[in-house]
Amino acid sequence: MIDEKLQKVLARSGLGSRREMERWIEAGRISVNDQVATLGDRISIRDAVEVDGRPHKMVFDRDSDRKVLVYNKPLGEIATRHDPEGRATVFDHLPPLKQGRWIAVGRLDINTSGLLLFTTDGELANNLMHPSANIDREYAVRVLGNVDEAMIARLKAGVLLDDGMARFSDVQFFDGDGANKWYHVCIMEGRNREVRRLWESQDVQVSRLKRVRYGPFFLPSEVKAGHWKELSQKEINMLSSMLDMKQKKNKAPTVKEAEEADRRVRRQRTRREVGPKRSDR
């Protein structure tokens with residue numbers, strides 16, 4: 001019988017990224033067959049897994065789909081699943097799943113808009129975020145302040161921030177002829193507020209920030225703020241190949257599932273016309 005690494009199965013089951021699952025295992029939150037799990041454990045479909053003392057159904061590779069969404073995050077939403085203050089989150093309007101849950105690939109702070117990727121595959125999420133993948137992120141940024149070639153050279157060469165050296169891999173002027181100017185910048189990491197902190201290190205204020213690309217995926221013009229688009233099987237296969245992952249063919253939806261998916265897309269168009277509602281799921 002085929003077995004798999006415990007953290008990979010936990011991540012695929014929608015509990016979080018693989019690295020997060022490793023932390024849960026180290027913290028003693030996971031049990032297998034009534035025994036506290038340890039890093040390196042492997043499980044099969046015969047094993048019973050508990051998370052924080054509660055049984056949890058595991059999703060193994062043979063039974064799982066690899067779904068990916070492109071989401072256009074509006075300003076004011078937070079990139080967390082639940083907020084004690086009741087603020088809108090990036091998960092509020094995502095389509096429901098029959099198994100597992102959506103995992104956000106990286107984060108955007110409350111004052112940053114634009115492209116977020118979501119997937120049902122924890123291993124894919126981990127590979128997309130891992131530094132070894134060398135995946136760049138592109139942002140459109142509006143800055144207030146004087147920007148000259150020497151400053152751009154410093155930002156590309158590297159600046160020492162509180163948490164270490166950081167740099168833009170590219171900086172390109174985009175638009176503007178007054179005090180506010182738009183630039184497009186690329187960065188290889190996803191540290192907290194890294195784009196803003198790099199500009200602020202040069203005494204330049206960031207007034208708007210929007211992510212427009214994550215690796216090979218650009219924010220589609222037809223995906224409006226607060227809306228999503230599911231990637232096609234071809235696009236997911238391309239992404240899997242780029243990350244040296246085995247391609248996986250998703251199960252074809254039933255007629256009922258296809259009809260419901262079409263209704264969810266139409267409801268997005270309705271929200272665009274009448275305004276957002278957090279209870280339309």
Side-chain angles (χ1 to χ4, degrees), residues 66-79 88-95 102-120 124-125 128-129 135-143 168-178 180-188 190 195-196 199 206-243 250 253 258 260-278 280-281:
R66 181 177 291 159
K67 294 179 178 290
V68 182
L69 290 182
V70 169
Y71 180 68
N72 188 349
K73 176 192 174 299
L75 293 173
E77 285 188 354
I78 58 174
T89 84
V90 295
F91 292 91
D92 285 341
H93 291 303
L94 301 187
W102 293 113
I103 301 167
V105 177
R107 303 171 74 90
L108 293 175
D109 66 46
I110 192 171
N111 294 316
T112 302
S113 63
L115 174 62
L116 261 179
L117 293 178
F118 290 86
T119 180
T120 57
L124 177 65
L128 281 167
M129 291 183 284
I135 295 177
D136 64 339
R137 294 87 155 158
E138 182 176 347
Y139 292 81
V141 53
R142 186 176 71 185
V143 298
F168 292 133
S169 58
D170 194 22
V171 181
Q172 295 291 333
F173 174 73
F174 184 73
D175 193 20
D177 54 10
N180 288 291
K181 294 182 175 63
W182 283 94
Y183 287 84
H184 276 222
V185 300
C186 295
I187 199 163
M188 302 300 296
V195 174
R196 294 180 187 275
W199 284 106
V206 174
S207 56
R208 289 283 301 277
L209 185 60
K210 180 177 184 177
R211 186 155 67 196
V212 296
R213 180 173 61 84
Y214 195 106
F217 295 105
F218 288 86
L219 183 62
S221 59
E222 70 272 17
V223 179
K224 305 304 179 183
H227 297 169
W228 51 264
K229 177 182 179 181
E230 189 165 351
L231 296 189
S232 66
Q233 182 71 61
K234 181 179 180 180
E235 291 171 313
I236 295 173
N237 288 345
M238 182 271 290
L239 181 61
S240 301
S241 297
M242 184 187 79
L243 297 170
N250 292 333
E260 177 57 30
D262 185 59
R263 282 194 292 271
R264 287 195 294 268
V265 171
R266 290 200 301 271
R267 285 201 292 269
Q268 288 197 118
R269 298 194 190 105
T270 302
R271 286 209 313 275
R272 187 184 310 168
E273 296 169 0
V274 303
K277 296 180 181 179
R278 295 186 62 187
D280 68 339
R281 288 170 59 188

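The figures here come from the full heavy-atom set of this structure, side chains too, leaving out hydrogens, waters and symmetry mates.
In this structure, Phe174 places its CZ atom where only 12 or fewer heavy-atom neighbours from other residues, nucleotides or ligands lie under 6.0 Å away.
When each of Glu77, Lys229, His93 is checked for a side-chain hydrogen bond (donor to acceptor under 3.5 Å, both in side chains) with Tyr71, only Glu77 meets the rule.
A donor-acceptor distance shorter than 3.5 angstrom exists from the side chain of Gln233 to the backbone of Asn250, with no hydrogens or angles considered. Looking only at distances, a side-chain donor or acceptor of Arg107 sits under 3.5 Å from a matching main-chain atom of Ala79. Thr119 contributes no side-chain N or O that, together with a main-chain N or O of Ala125, makes up a donor-acceptor pair within less than 3.5 Å.
Taking CZ of Arg196 as the reference point, atom OG of Ser207 lies at 9.0 Å (rounded to 0.5 Å). With values rounded to the nearest 0.5 angstrom, Leu69 atom CG is found 13.5 Å from His227 atom NE2. To the nearest 0.5 Å, atom CZ of residue Arg66 and atom CD1 of residue Ile236 are 8.5 Å apart. Interatomic distance, CD1 of Ile103 versus CG of Leu124, reported as 9.0 Å (0.5 Å rounding). Expressed to the nearest 0.5 Å, how far CG of Leu75 lies from CG of Asn111 amounts to 7.0 Å. Once rounded to the nearest 0.5 Å, the distance linking OG1 of Thr112 with NZ of Lys73 reads 6.5 Å.
Proximity of Phe118 to Trp228: side-chain heavy atoms (C-beta onward) are nowhere separated by under 4.5 Å. Annotation: side chain of Val70 is in contact with side chain of Leu117 (closest heavy-atom distance under 4.5 Å). Counting heavy atoms from C-beta on, the side chains of Leu116 and Arg211 come closer than 4.5 Å. The shortest side-chain heavy-atom distance between Leu209 and Leu108 does not fall under the 4.5 Å cut-off. Between Pro95 and Glu260 there is no side-chain heavy-atom pair separated by less than 4.5 Å. Side-chain contact check for Leu115 versus Val223: every heavy-atom pair is 4.5 Å or farther apart. For the pair Leu231 and Phe217, the minimum side-chain heavy-atom distance is below 4.5 Å. The side-chain heavy atoms of Arg137 and Val195, taken from C-beta on, include no pair separated by under 4.5 Å.
Across all non-hydrogen atoms, the minimal contact from Phe218 to Glu138 is CE2-OE1, 4.1 Å. Between Trp102 and Lys67 the shortest heavy-atom distance is CH2-CB, 3.8 Å. Nearest heavy atom pair, residue Pro74 against residue Ala225, reads CB-CB, 4.0 Å. Between Ile187 and Ser169, the shortest heavy-atom contact is N-OG, 4.0 Å.
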For His184 and Val212: C-alpha separation, side-chain torsions, deciding distance, then whether side chain to side chain contact (heavy atoms under 4.5 Å, CB included) applies.
CA-CA 9 Å; His184 276 222; Val212 296; 4.3 Å; yes
Please report the C-alpha distance between Arg208 and Asn180 in whole Å, then the side-chain angles of each, then the deciding distance to 0.1 Å, and finally whether the side chain to side chain contact (heavy atoms under 4.5 Å, CB included) criterion is met.
CA-CA 10 Å; Arg208 289 283 301 277; Asn180 288 291; over 6 Å; no
